[in-house]
Amino acid sequence: MAISNRQKFFISFHILRQMLFRKSKYSLVLMLEPLYTCNLKCRGCGKIHLADKAPGTRLSVAECVGAAEEANVPVVSIGGGEPLLHPEIPEVVSRLIARKRFVYLCTNALLLQKRIPEFSPSPFLSFSIHFDGLEAHHDEVVGRKGVFANAVDAIQLLRRLGFRVTTNTTLFRDDTPENAAALFDFLTSLGVDGMTVAPAFHYETAMDQTHFIRDREAIRSFFRRLFEIGRRRNWPFNHSSVYLDFLAGRYDFPCTPWGNPTRNIFGWQKPCYLLNEGYVHSYDELIRKTDWDAYGVGKNPKCGSCMVHCGFEPTAVTESIRHPLRLLG
């Protein structure tokens with residue numbers, strides 16, 4: 001796996017500490033969305049419409065850093081919107097790193113070459129660049145030509161400057177295992193440090209409602225074929241092996257919806273990053289007052305086809321710590 005040994009240690013220590021104190025609900029990754037303004041309109045995005053509800057609104061540096069402290073998480077994934085549109089995002093990143101938080105700055109890379117001088121390489125910082133396919137397909141999904149080529153140039157620049165670079169890929173119904181394999185071969189050839197992958201979640205607010213994979217067995221078949229193609233290709237997935245086995249149907253377990261809580265410009269989003277059932281004012285209120293038993297596969301129809309890492313990776317990682325022989329297998 002492509003997750004650094006340093007990050008593995010911090011996360012393992014965090015989980016063991018929560019287990020020692022018999023804490024049943026704790027979080028691993030903060031999904032931080034400091035703004036919803038974006039310079040693209042991707043067809044499967046379930047977030048961009050939120051920009052119209054609070055145009056120009058963004059979280060302050062103090063609110064961003066405070067959210068990570070409040071949730072007590074080892075990892076912060078900064079999305080949006082496009083976070084590089086936030087004028088103070090370099091300060092947000094530097095202050096999180098100073099607190100030993102692993103930061104994944106998720107970006108479409110359109111502004112990266114302009115803003116890269118504002119950042120410094122660190123083992124705690126990864127630029128996570130979005131790729132939904134090879135050039136023609138990716139540019140179609142994001143609705144603009146040249147985005148793929150720009151992202152490739154950004155990766156090459158980041159690597160020359162010594163930054164850690166990962167990628168994030170969302171797979172839709174019109175993707176094939178063969179095309180996904182070709183993308184992962186290409187990204188691996190660029191020397192990326194890690195790759196994140198997940199089937200697209202069916203956002204009810206997405207502009208395009210026709211391209212989601214809505215059947216869990218179809219998702220499992222897709223990933224079984226993908227991993228069969230990728231055998232011995234050493235793709236550096238930025239996931240636990242247990243989550244990858246879950247995608248392929250080798251394991252089945254429930255999601256941990258509080259594992260990756262979301263803090264955005266409206267508050268703490270209930271119940272998770274993918275569903276929007278309202279907002280609360282604090283992380284403590286999110287944990288205590290959310291009816292967690294109302295969500296998950298078999299409990300809520302909105303969760304029926306979900307296999308996204310923000311819900312299931314926390315379960316997979318925790319299982320790896322509790323049952324290490326499973327990970328070894």
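These figures come from a predicted structure and were not determined experimentally. Nothing fancy with the numbering, it's 1 onward along the sequence. The basis for the numbers below is simple: all heavy atoms, side chains too, and nothing from hydrogens, waters or symmetry mates.
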Say whether Thr188 and Asp185, considering side chains only, have a donor N or O and an acceptor N or O under 3.5 Å apart.
-> no
What is the ring orientation for His138 with Phe131, classed by angle as parallel under 30°, tilted 30 to 60°, or perpendicular over 60°?
-> tilted
Mind running side chain to side chain donor-acceptor pair (under 3.5 Å) on Thr256 and Thr315 for me, showing each step along the way?
-> CA-CA 6 Å; Thr256 303; Thr315 313; 2.6 Å; yes
Side-chain donor/acceptor of Asp215 to backbone N/O of Ser305, under 3.5 Å = no
Report yes or no: do His137 and Asp174 form a side-chain donor-acceptor pair below 3.5 Å?
-> no
Charged N-O contact under 4.0 Å between Arg95 and Glu91 = yes
Taking the inter-plane angle between the rings of Phe9 and Phe13 on a 0 to 90° scale, is it parallel (under 30°), tilted (30 to 60°) or perpendicular (over 60°)?
-> parallel
How long is the gap from NZ on Lys100 to CZ on Phe10, to the nearest 0.5 Å?
-> 6.5 Å
Under 4.0 Å between a Lys/Arg side-chain N and an Asp/Glu carboxylate O for Asp139 and Arg144?
-> no
Would you indicate whether the side-chain heavy atoms of Asp132 and His130 approach each other to under 4.5 Å?
-> yes
Can you check whether Pro34 reaches Ile265 side chain to side chain, under 4.5 Å on heavy atoms?
-> no
same_hphob_cluster(Val147, Phe186) at 4.5 Å side-chain heavy-atom cutoff = no
Does one hydrophobic cluster hold both Ile97 and Val61, with members joined at side-chain heavy-atom distances below 4.5 Å?
-> yes
Kindly determine whether Val242 and Val317 satisfy side chain to side chain contact (heavy atoms under 4.5 Å, CB included), including the steps that lead there.
-> CA-CA 7 Å; Val242 176; Val317 172; over 6 Å; no
Would you name the heavy atoms of Cys310 and Tyr273 that are closest together and state the gap between them?
-> SG-CD2, 4.0 Å
Hey, do the aromatic rings of Phe102 and Phe124 have their centres closer than 6.0 Å?
-> yes
Salt-bridge test for Glu69 and Arg99: reply yes if a basic N is under 4.0 Å from a carboxylate O, no otherwise.
-> yes
Spacing of CG belonging to Leu247 relative to CZ belonging to Phe227, to within rounding of 0.5 Å | 5.5 Å
Pairs flagged by salt bridge (Lys or Arg N to Asp or Glu O under 4.0 Å) wherever residues 156-172 is involved - sequence neighbours left out | none
Applying side chain to side chain donor-acceptor pair (under 3.5 Å), run through Ser240 and Glu313 and close with a yes or a no.
-> CA-CA 7 Å; Ser240 69; Glu313 184 75 271; 2.6 Å; yes
Which other residues belong to the hydrophobic cluster containing Ile229, where Ile, Leu, Val, Met, Phe, Trp and Tyr are joined when side-chain heavy atoms lie under 4.5 Å apart, directly or via other members?
-> none
Begin with the C-alpha distance, continue with both residues' side-chain angles, and end with the deciding distance and a verdict on side chain to side chain contact (heavy atoms under 4.5 Å, CB included) for Ile78 and Val92.
-> CA-CA 10 Å; Ile78 305 178; Val92 172; 4.2 Å; yes
Are any non-hydrogen side-chain atoms of Leu35 and Leu59 less than 4.5 angstrom apart?
-> no
Step by step, would you call Ser221 with Glu217 a side chain to side chain contact (heavy atoms under 4.5 Å, CB included)?
-> CA-CA 6 Å; Ser221 297; Glu217 187 50 46; 3.5 Å; yes
Start with the C-alpha gap between Thr262 and Glu33, add the side-chain angles, then the distance that decides, and say whether side chain to side chain contact (heavy atoms under 4.5 Å, CB included) holds.
-> CA-CA 7 Å; Thr262 299; Glu33 298 175 322; 3.5 Å; yes
Would a 4.5 Å heavy-atom cut-off, applied to side chains only, mark Pro314 and Val29 as touching?
-> no
Quick one: closest heavy-atom pair of Asn260 and Met31, and the distance?
-> O-CG, 3.5 Å
Taking C-beta and beyond as the side chain, do Leu50 and Phe266 meet within less than 4.5 Å on heavy atoms?
-> yes
Do the ring centers of Phe237 and Phe184 come within less than 6.0 Å of each other?
-> yes
Between CZ on residue Arg216 and SG on residue Cys306, distance to nearest 0.5 Å | 7.5 Å
Is the shortest side-chain N to carboxylate O distance from Glu178 to Arg225 below 4.0 Å?
-> yes
Is the shortest distance from a Lys or Arg side-chain nitrogen in Lys270 or Glu285 to a carboxylate oxygen in the other one below 4.0 Å?
-> no
For Glu135 and Lys145, run salt bridge (Lys or Arg N to Asp or Glu O under 4.0 Å): C-alpha distance rounded to whole Å, both residues' side-chain angles, the deciding distance at 0.1 Å, then the answer.
-> CA-CA 9 Å; Glu135 186 164 13; Lys145 290 185 178 181; over 6 Å; no
Taking the inter-plane angle between the rings of Phe127 and Phe163 on a 0 to 90° scale, is it parallel (under 30°), tilted (30 to 60°) or perpendicular (over 60°)?
-> perpendicular
With a cut-off of 6.0 Å (strictly less than), are more than 12 heavy atoms of other residues, nucleotides or ligands near CG of Asp291?
-> yes
Scanning both residues in full, the closest heavy-atom pair of Ser27 with Pro74 reads O-CD, 4.2 Å
Looking only at heavy atoms, which two atoms of Val308 and Pro199 are closest? And how far apart?
-> CG2-O, 3.5 Å
Answer with yes or no whether the hydrophobic clustering places Leu40 together with Leu85; edges join I, L, V, M, F, W, Y residues whose side-chain heavy atoms lie under 4.5 Å apart.
-> no
Should the pair His309 and Tyr243 be assigned to parallel (<30°), tilted (30 to 60°) or perpendicular (>60°) ring geometry?
-> perpendicular
Starting at OH of Tyr104, measure out to OG of Ser126 and round the result to the nearest 0.5 Å.
-> 4.5 Å
Less than 4.5 Å apart, any side-chain heavy atom of Arg115 and any of Glu118?
-> yes
Taking a hydrophobic cluster as the set of Ile, Leu, Val, Met, Phe, Trp and Tyr residues connected by side-chain heavy atoms closer than 4.5 Å, whether directly or through intermediates, do Ile155 and Val142 fall within one such cluster?
-> no
Side-chain donor-acceptor pair present, Tyr283, Asn72, cut-off under 3.5 Å | no
Kindly write out the residues that satisfy side-chain hydrogen bond (donor to acceptor under 3.5 Å, both in side chains) with Glu82, not counting sequence neighbours, or none if the list is empty.
-> Thr107, Asn108
Nearest-0.5 Å distance, OG of residue Ser94 to CG of residue Leu125 = 10.0 Å
Report yes if some heavy atom in the side chain of Leu84 is under 4.5 Å from a heavy atom in the side chain of Leu105; otherwise report no.
-> yes
Could you tell me whether a side-chain N or O of Arg220 sits under 3.5 Å from a main-chain N or O of Ala248, the two making a donor and an acceptor?
-> no
Taken to the nearest 0.5 Å, the spacing of Leu183 CG from Leu134 CG works out to 5.0 Å
Do Val197 and Val141 sit in the same hydrophobic cluster, where Ile, Leu, Val, Met, Phe, Trp and Tyr count as joined when their side-chain heavy atoms come under 4.5 Å apart?
-> no
Looking at Trp268 and Ala67, what are the two nearest heavy atoms and their distance?
-> CH2-O, 3.6 Å
Taking the side chain as every heavy atom from C-beta outward, state whether Ser4 and Pro123 have any atom pair closer than 4.5 Å.
-> no
Please report the closest heavy-atom contact between Trp258 and Ser24, naming both atoms and the distance.
-> NE1-O, 4.0 Å
